[in-house]
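Written out below as structure tokens is the structure these notes cover.
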Number of protein chains: 2
Amino acid sequence: MPSRKILQLPDEKTLASARKHFEVFLKKQELKMTSQRVEILQRVAGMDRHFNADEILEAFRRKKSKPSKATIYRTLNLLAECDILEEHNIKQESSVVYEFAWGRDHHDHMICLSCGTILEFVDEAIETRQDEVCEEKGFHPTFHSQKIYGICSVCWDEKGVRSV
Amino acid sequence: MPSRKILQLPDEKTLASARKHFEVFLKKQELKMTSQRVEILQRVAGMDRHFNADEILEAFRRKKSKPSKATIYRTLNLLAECDILEEHNIKQESSVVYEFAWGRDHHDHMICLSCGTILEFVDEAIETRQDEVCEEKGFHPTFHSQKIYGICSVCWDEKGVRSV
DNA sequence: GTTCGTGCAAAAACTTTGCATTATC
DNA sequence: GATAATGCAAAGTTTTTGCACGAAC
């Protein structure tokens, strides 16, 4: 049997849970569940990396009937609104970048300026200090975005990249 | 005498130093110092808050001869390239936001989702941990961007805002 | 059957670019 | 005097929107 993880297939349990959450979210606002919304949710759940609207459109390449670009944009906005997706604004990227966040733990990002690779990290000490700093300022945090830009180990060690 | 700080006037020493730096930067690439570039530098140095390209254009409102929009965009890019300005990608802002960074210490940001106010903060513990995390991953940081989104104390305490 | 969603094309918003003229070095 | 910068308008990108038709509840 293959030992390689097949990343294109979404975890069924996670997908089912995300779909349930999406249904409740839509119903609460008297919005409707459509075949396009289901299909887009399936595609974003199958993305193992960060992606943009165009890549979702591309994921429908082989299908005879595919959602329009407008519907994809509208649906990604809904999915971000109900926290199934996380939106990222990344320097050097002209489009909004999304990440499937349902059932995944919070994490921050390191972005390689040379190859564009996005590494994830979590650090409890930083999280704690952020909360303390907010407390000190009377600021009530909802979410945060921490991005460290630099050169990843592959570019630094193997390619000898020292700057961009 | 007025005790209120007049924020629109740039600090002369800082401006002179930034201009020197800009001149050296331009010369190194065989680019030229022009009257438009000088005038735009003066305007950005006089900005006490975060701003976008359009606000710089607006700062020339009363002048008879003003740089074109294209020149403003081109110059802001140059100023960011030589670290006189810092570029920010802020969620909910459709345009690139700049901050005059010359002679100012590094800091991170808290952004109020209700009123848009940007608060600055510095925390040595967080800075140190970031470096340690990078070290652990073999990542060589160049710069970072940390933004905490939430409700500021004014909106929370005075306006009773609890969510957006 | 009513209301909401979709697809299409057009618009919007921001930024970049090509080119002839003007300014800088 | 050679080269780069400007201004203008046009084009480029990404995302949003108006509207007639079709799908969902």
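Chain letters run A, B, ... following the sequence lines, proteins first and then strands; every chain starts at 1.
When the P atom of D:dT16 is taken as reference, atom CD of A:E81 falls 12 Å away, rounded to whole Å. Rounded to a whole Å, the CD atom of B:Q29 is 15 Å from the C1' atom of D:dT3. When the C1' atom of D:dT15 is taken as reference, atom CD of A:E93 falls 16 Å away, rounded to whole Å. Distance A:F22 CZ to C:dG5 C1': 12 Å, rounded to the nearest Å. Nucleotide C:dC4 holds its C1' atom 4 Å from the NZ atom of A:K32, rounded to whole Å. One atom, NZ of A:K64, and another, P of C:dG7, lie 14 Å apart when rounded to the nearest Å. Separating the CG atom of B:L78 from the C1' atom of C:dT15 is a distance of 15 Å, rounded to the nearest angstrom. In this structure, CG of B:L26 is placed 12 Å from C1' of C:dT24, rounded to the nearest angstrom.
The nucleotide whose nearest atom lies closest to any side-chain atom of A:P67 is, among D:dC25, C:dG7, D:dT3, C:dG7. Minimum atom distance to the side chain of B:S35 is reached by C:dT24, of the listed D:dG7, C:dT6, C:dT24. Taking the side chain of A:R74 as heavy atoms from C-beta on, and the options C:dG5, D:dG7, C:dG7, the nearest nucleotide is C:dG7. Listed candidates were C:dT15, D:dC25, D:dT14. Nearest to the side chain of B:S95 is C:dT15. When distances are taken from the side chain of B:Y73 to each of D:dT14, C:dT15, C:dA9, the shortest belongs to C:dT15.
At the phosphate of D:dT13, neither OP1 nor OP2 sits under 4.0 Å from any side-chain N or O atom of A:S94. Taking 4.0 angstrom as the limit, B:R37 places none of its side-chain polar atoms (N or O) nearer than this to OP1 or OP2 of C:dT24. Residue B:Q36 places none of its side-chain N or O atoms closer than 4.0 Å to OP1 or OP2 of C:dT24. Using a 4.0 Å cut-off, no side-chain N or O of B:T34 falls inside it from OP1 or OP2 of C:dT24. An OP1 or OP2 oxygen of D:dT16 is reached within less than 4.0 angstrom by a side-chain nitrogen or oxygen of A:N77.
Take the nearest nucleotide of DNA chain C for B:L31 and for B:A53: the residue whose nucleotide is more 5' is B:A53. Nearest-nucleotide assignment on DNA chain D puts the 5′-proximal partner with B:E30, out of B:I72 and B:E30.
A continuous path of Ile, Leu, Val, Met, Phe, Trp and Tyr side chains, each step under 4.5 Å between heavy atoms, connects B:W102 with B:L78, placing both in one hydrophobic cluster. One hydrophobic cluster, built from ILVMFWY side chains closer than 4.5 Å, holds both A:I40 and A:V38.
In the interface, the side chain of B:K69 is not paired with the base of C:dT15 through any donor and acceptor atom under 3.5 Å apart.
B:K27 comes within contact range of no nucleotide atom at all, as no heavy-atom separation falls under 4.0 Å.
A:V44 is listed as a side-chain neighbour of A:L76, based on a closest heavy-atom distance under 4.5 Å. Between B:D108 and B:E127 there is a side-chain heavy-atom pair separated by less than 4.5 Å.
Between A:K91 and B:F143, the closest heavy-atom pair is CE-CE1, 3.5 Å.
Between the side chains of B:H109 and B:E99, at least one donor-acceptor pair of N or O atoms lies under 3.5 Å.
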